[in-house]
Amino acid sequence: MIELQGLTKRYGDKTAVDHLTFTVRPGVVTGFLGPNGAGKSTTMRMVLGLDRPSGGDVRIDGRHYAQLSEPLKYIGALLDAKDVHGGRSAYDHLLCLAQANRIPRRRVDEVLETVGLTAVARKRSKGFSLGMGQRLGIAGALLGDPEILMFDEPVNGLDPEGIRWIRNLMKGLAAQGRTVFVSSHLMSEMALTAEHLIVIGRGRLLADTSMAQFIAQNSRAFVRIRTPQVERMKDVLTAAGHIPVQTGDGSYEVADVEPATIGELAAQHQLVLHELSPQRASLEDAFMRLTADSVEYHAGAVPPGGPALPPGQPPVPAAPGSPYGPPQQSGQPVPPGQPPYAPPQGQQTPPAEGQGQPQWGAQWRNNPRSGKRR
Amino acid sequence: MAAPAAVLQSEWTKIRSVRSTVWTLALAFLVTAALGAVICLVFNNTWSSLSSSDQLTFDATRTSFFGMNLGQLALIVFGVLVISSEYSTGMIRTSLAAVPQRGTFYAAKVAVAGLLALVVGMATSFITFFVGQSLLGSHKAHIGDPGVFRAVFGAGLYMTLLVLLCVGAAAMLRSPMLGLGILMPFFFLISPILSAVPKVKNVARYFPDRAGQKIMEVVPSSDTQTPYGPWTGILIMAVWVAAALVGGYLVLKERDA
């Protein structure tokens, strides 16, 4: 169990982590989600006592990290797979960590076997590929057979095979009753692994909820209707057993129905429709909305015909029947000069033309902050 | 607290498993011994051309340690890399996650580097001495002569202290570029030059290397005259070392890794 209590980290006048309070519980994978620069890595460094908090407190099973005499037996962490001396062999790297925590030497061979690095154990880690480096880092985290595991963006840069391996590993560890705390900036990735979700933005806690609840709240398929004959339409829909819900902008949303059904209903009753569109809020959309106010580095507006996905985001293959597949666009073409995803105000509302759109570069001009600090 | 013996063992694994350790220490030994041997050979072959006063103040022991001026550069690299490679590679975060008690971690690192330097330093100084003397023919010093054993043993101490000084300084500077960029020119150029400048040399003789090297002197010469003796000299150096190590500890303790 990892407990954060008002955890705060300030660098000069910049607050990287702002009064974070949450608990990471055993038995589930807890996803730690936030845009780049949200403070995820800083938080994790404070958990390990590497960075000193400016305020608040973080405890592992009730104790500060520095009070753990052989910490690798309590908590194994992979913060950055590059945090190894490249001139040392994989075996020696793990051996020096094991010796410091009085972990038997055979355990080094075991974890090398687990992560599949036995064949290159005597090679210097300098020559390792990204995936091999990541596996070495995970071997280090598993070394002390700890009850708590913490991974910072473990799938970054891995091939699909490696991603699936890490996913299954994390699920397996949680299934053994361990505490698994894993950060990511990809909602789609978290949706596949995490059962609990902690979302932060600009160092602040935005959500602390179960994944099931988050999906229930945020991933619904529905049909949007716009009609001048509101009252009659409502009667017709109600009579057919559908429940129209009015939204703020005068349109109606009907859940769990095909657009064709409603179109036929409207035709039968000779009702005029101004809009009839299938909608789907993807988890990615929900995450974007949640964090839109707190994204550290905004991309500029995408020109017409620009990429449909937010920059830097790989398309994620949907598992069959998965409710949280690739981010689905919600029907409307992206108007010129608009970001491709919904703004924070109001779900699926087309943003008012040219209103409140930050100019390119406004972010860094207003926030003369440095880049990510190490 | 982490068990000190376990952390010492871990640090020993770390130091023996990187190539720079072997390279720097082997280079320090080879350069010191080989250059000393060459110089001794030269002195022996040109003995008759030396002035009589030079012959009178000839310090056979000190002469065999001439190569240390160059050899110590490799020791500086060793001392700096022991700690700053942790920072430059990011290993420090992995290390401190394994041993969060930073004092224990630092003490173990200093102890392992210091002990290894002591062993290599003593071996280097005694081998260098005996090789050098064997090439000096009739002008050689004997280990039993007054002050000679002290000088040879002291040379080993000097090398150990130099490494520890670099460990402490590197812990303060953290970056290997900064550490090497400051320490190498200081010991190779700045300190020797300043100790030759009038007036300034009164201050420069209290620099760690100037004070520490006093112990290798058997025959006092007029241009290296100091108000302190050999043991006080090495003590002055030890004070520098202690200050550097304490400074390194404070930086490690206070700053984010």
Side-chain angles (χ1 to χ4, degrees), chain A residues 9 11 41-42 44-54 60 64-73 75-103 105 108 122 124-126 136-137 140-141 143-144 150 373-374, chain B residues 1-24 77-78 80-109 111-113 174-176 250-257:
Chain A
K9 181 70 181 181
Y11 298 115
S41 300
T42 307
M44 287 185 157
R45 282 204 303 275
M46 286 193 284
V47 172
L48 295 185
L50 296 174
D51 286 11
R52 184 183 302 233
S54 312
I60 290 111
H64 288 123
Y65 194 85
Q67 291 171 328
L68 303 172
S69 69
E70 281 157 2
L72 299 186
K73 293 176 179 173
I75 174 166
L78 168 61
L79 292 197
D80 187 339
K82 293 193 292 293
D83 286 349
V84 299
H85 192 305
R88 202 170 277 134
S89 74
Y91 182 87
D92 285 333
H93 171 73
L94 294 173
L95 181 62
C96 73
L97 297 180
Q99 285 172 334
N101 280 248
R102 289 194 291 193
I103 295 162
R105 195 179 265 258
V108 172
R122 301 287 172 175
R124 293 195 288 164
S125 63
K126 202 179 283 179
L136 179 58
L143 199 57
M150 191 163 79
R373 184 196 166 278
R374 270 244 73 116
Chain B
M1 283 294 282
V7 182
L8 278 172
Q9 199 185 12
S10 161
E11 286 301 326
W12 170 243
T13 299
K14 273 189 200 169
I15 211 165
R16 70 160 174 77
S17 59
V18 291
R19 290 184 184 178
S20 63
T21 304
V22 179
W23 279 112
T24 50
V77 176
F78 169 70
V80 167
L81 285 188
V82 160
I83 197 118
S84 63
S85 69
E86 290 259 353
Y87 287 99
S88 62
T89 59
M91 180 70 191
I92 186 75
R93 285 182 285 278
T94 309
S95 296
L96 289 180
V99 187
Q101 297 80 19
R102 296 187 180 189
T104 311
F105 165 75
Y106 184 68
K109 209 170 216 19
V112 167
R174 311 224 285 186
S175 132
L250 292 178
V251 169
L252 178 69
K253 192 173 168 58
E254 294 306 317
R255 286 185 61 178
D256 289 343

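Just so we're clear, the structure is a prediction, and the values are computed from it rather than from any experiment. Order of the sequence lines sets the chain letters (A, B, ...), proteins ahead of strands, with each chain counted from 1.
No side-chain heavy atom of A/Arg88 sits less than 4.5 Å from a side-chain heavy atom of B/Thr89. A 4.5 Å side-chain heavy-atom check between B/Lys14 and A/His85 finds every atom pair outside the cut-off.
A distance of 9.5 Å separates CZ in B/Arg93 from NZ in A/Lys82, rounded to the nearest 0.5 Å. To the nearest 0.5 Å, atoms CG (A/Asp83) and CD (B/Glu86) are separated by 10.5 Å. Distance check: A/Gln99 CD to B/Glu11 CD gives 10.0 Å after rounding to the nearest 0.5 Å. Taking OG1 from B/Thr13 and CG from A/Leu97, the interatomic distance works out to 10.0 Å, rounded to the nearest 0.5 Å. Note that CG of A/Asp92 is 5.0 Å distant from CZ of B/Arg16, once rounded to the nearest 0.5 Å. In this structure, the separation between CD on A/Gln67 and CD on B/Gln101 is 9.5 Å, given to the nearest 0.5 Å.
Between A/Arg52 and B/Lys253, the shortest heavy-atom contact is NH2-O, 3.0 Å. Here the shortest heavy-atom pairing between A/Arg102 and B/Ala6 reads CG-CB, 3.6 Å. In plain terms, the two heavy atoms of B/Ala98 and A/Tyr65 that are nearest each other are N-OH, 4.5 Å. Nearest heavy-atom pair across A/Ala100 and B/Val99 is CB-CG2, 3.6 Å. Smallest separation of non-hydrogen atoms from A/Pro71 and B/Ala97: CG-O, 3.3 Å.
Shown here are the side-chain contact (heavy atoms from CB on, under 4.5 Å) partners of A/Ser125, two or more places apart in sequence or in another chain: A/Val84, A/Phe128, A/Leu136.
Proximity to chain B is absent for every atom of A/Lys126, based on heavy atoms less than 4.5 angstrom apart.
Taking chain A as the reference chain and counting heavy-atom pairs below 4.5 Å, the highest number among B/Pro100, B/Ser95, B/Ser88, B/Ser85 is found for B/Pro100.
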